[in-house]
A.B. asks: 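One structure is given below, represented as structure tokens, and several questions about it will come after.
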Amino acid sequence: QVQVVESGGGLVQPGGSLRLSCTNSGTIIGVYAVGWYRQAPGKQREFVARLSSVGARQYGDSVKGRFTISSDNAKTNTVYLQMNSLKVEDTAVYYCVVDNIFWGQGTQVTVSS
């Protein structure tokens, strides 16, 4: 069974960085595609990044050059989202989805001075 848990959210100042983690109960690297989405209050859910099962990476236009999705060969059940140069407009609940089916509960990211 796939159980997805996000962590690493928090409050950060504009220009700062955070690293989110998406952890599953079993192996996901090399098996499933893993995506990150976000949803700000009053807005639709927005695509952020995706790591395919063969390692291909895709990013939403609003985060290209600032966010990086990655995995760790030593932890095959975890995918990371490194977020740099954060902006106020990055404030949202960030969700991880495995295999386009299994969603986590989300982690709040707030960018504010």
Side-chain angles (χ1 to χ4, degrees):
Q1 184 176 356
V2 178
Q3 293 181 317
V4 181
V5 178
E6 304 94 337
S7 61
L11 173 64
V12 63
Q13 291 186 341
S17 298
L18 280 175
R19 189 177 77 160
L20 305 183
S21 298
C22 172
T23 302
N24 179 50
S25 53
T27 296
I28 51 176
I29 304 305
V31 178
Y32 301 112
V34 178
W36 285 97
Y37 288 75
R38 66 186 182 186
Q39 188 165 20
K43 295 187 177 181
Q44 290 187 332
R45 191 166 290 188
E46 176 189 17
F47 170 72
V48 176
R50 180 178 183 269
L51 180 66
S52 78
S53 60
V54 295
R57 291 168 172 80
Q58 295 175 293
Y59 296 96
D61 288 342
S62 62
V63 306
K64 281 180 182 176
R66 300 188 298 122
F67 290 13
T68 303
I69 190 169
S70 67
S71 61
D72 182 345
N73 288 336
K75 298 184 71 175
T76 59
N77 65 335
T78 303
V79 169
Y80 304 99
L81 184 68
Q82 179 67 42
M83 306 186 296
N84 298 329
S85 302
L86 283 162
K87 306 175 181 179
V88 171
E89 50 264 43
D90 293 319
T91 296
V93 178
Y94 284 70
Y95 297 91
C96 178
V97 57
V98 174
D99 201 23
N100 295 319
I101 299 173
F102 304 100
W103 292 83
Q105 294 300 306
T107 185
Q108 175 71 46
V109 171
T110 302
V111 185
S112 174
S113 55

A.B. asks: Could you tabulate the donor-acceptor pairs under 3.5 Å formed by side-chain atoms of residues 31-40, not counting sequence neighbours?
C.D. replies:
residue: Arg38; atom: NE; partner: Glu46; partner atom: OE1; Å: 2.8
residue: Arg38; atom: NH1; partner: Asp90; partner atom: OD1; Å: 2.8
residue: Arg38; atom: NH1; partner: Tyr94; partner atom: OH; Å: 2.9
residue: Arg38; atom: NH2; partner: Glu46; partner atom: OE1; Å: 3.3
residue: Arg38; atom: NH2; partner: Ser62; partner atom: OG; Å: 3.2
residue: Gln39; atom: NE2; partner: Lys43; partner atom: O; Å: 3.0

A.B. asks: Do Ile101 and Leu51 land in one hydrophobic cluster if side-chain heavy atoms of ILVMFWY residues count as linked below 4.5 Å?
C.D. replies: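 The answer is yes; both residues are in one hydrophobic cluster.
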A.B. asks: How many angstroms lie between OG in Ser53 and CD1 in Ile29, if you round to the nearest 0.5 Å?
C.D. replies: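 CD1 of Ile29 is found 10.0 Å from OG of Ser53.
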A.B. asks: For the hydrophobic clusters of this structure (ILVMFWY residues joined by side-chain heavy atoms under 4.5 Å, transitively), does one cluster hold both Val63 and Val12?
C.D. replies: yes
A.B. asks: In Å, rounded to the nearest 0.5 Å, how long is the span from CZ of Arg19 to OG of Ser7?
C.D. replies: 9.0 Å
A.B. asks: Grab the two heavy atoms, one from Val98 and one from Cys22, that are nearest each other, plus how far apart they are.
C.D. replies: CG2-SG, 4.5 Å
A.B. asks: Backbone N or O of Gln3 within a donor-acceptor pair of the Asn24 side chain at under 3.5 Å?
C.D. replies: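 Between the backbone of Gln3 and the side chain of Asn24 there is a qualifying donor-acceptor contact (under 3.5 Å).
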A.B. asks: Would you say the side chain of Thr91 lies within less than 4.5 Å of the side chain of Gln108, judging by non-hydrogen atoms?
C.D. replies: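 Side chain of Gln108 against side chain of Thr91, heavy atoms only: contact under 4.5 Å found.
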A.B. asks: Any donor-acceptor pair under 3.5 Å linking the side chain of Glu6 with the backbone of Thr107?
C.D. replies: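 Side chain of Glu6 to backbone of Thr107, a donor-acceptor pair under 3.5 Å: no, none is there.
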A.B. asks: Between Gly8 and Leu18, which heavy-atom pair has the shortest distance, and what is it?
C.D. replies: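 Where Gly8 meets Leu18 most closely, the heavy atoms are O-CD2, 3.9 Å.
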A.B. asks: Going only through I, L, V, M, F, W and Y residues with side-chain contacts under 4.5 Å, is there a path from Ile69 to Phe102?
C.D. replies: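 Yes; tracing contacts between hydrophobic side chains, which count when under 4.5 Å, links both residues.
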A.B. asks: Can you list, pair by pair, the side-chain donor-acceptor contacts under 3.5 Å of residues 78-86, counting residues two or more places apart and other chains?
C.D. replies:
residue: Gln82; atom: NE2; partner: Asn84; partner atom: OD1; Å: 2.9
residue: Asn84; atom: OD1; partner: Ser17; partner atom: OG; Å: 2.9

A.B. asks: So does Glu89 have more than 12 non-hydrogen atoms from other groups sitting under 6.0 Å from CD?
C.D. replies: yes
A.B. asks: Using the rule that Ile, Leu, Val, Met, Phe, Trp and Tyr join whenever any side-chain heavy atoms are under 4.5 Å apart, tell me whether Val97 and Tyr95 fall into a single cluster.
C.D. replies: yes
A.B. asks: Tell me whether Tyr59 is reachable from Val109 by hopping between hydrophobic residues (I, L, V, M, F, W, Y) whose side-chain heavy atoms are closer than 4.5 Å.
C.D. replies: yes
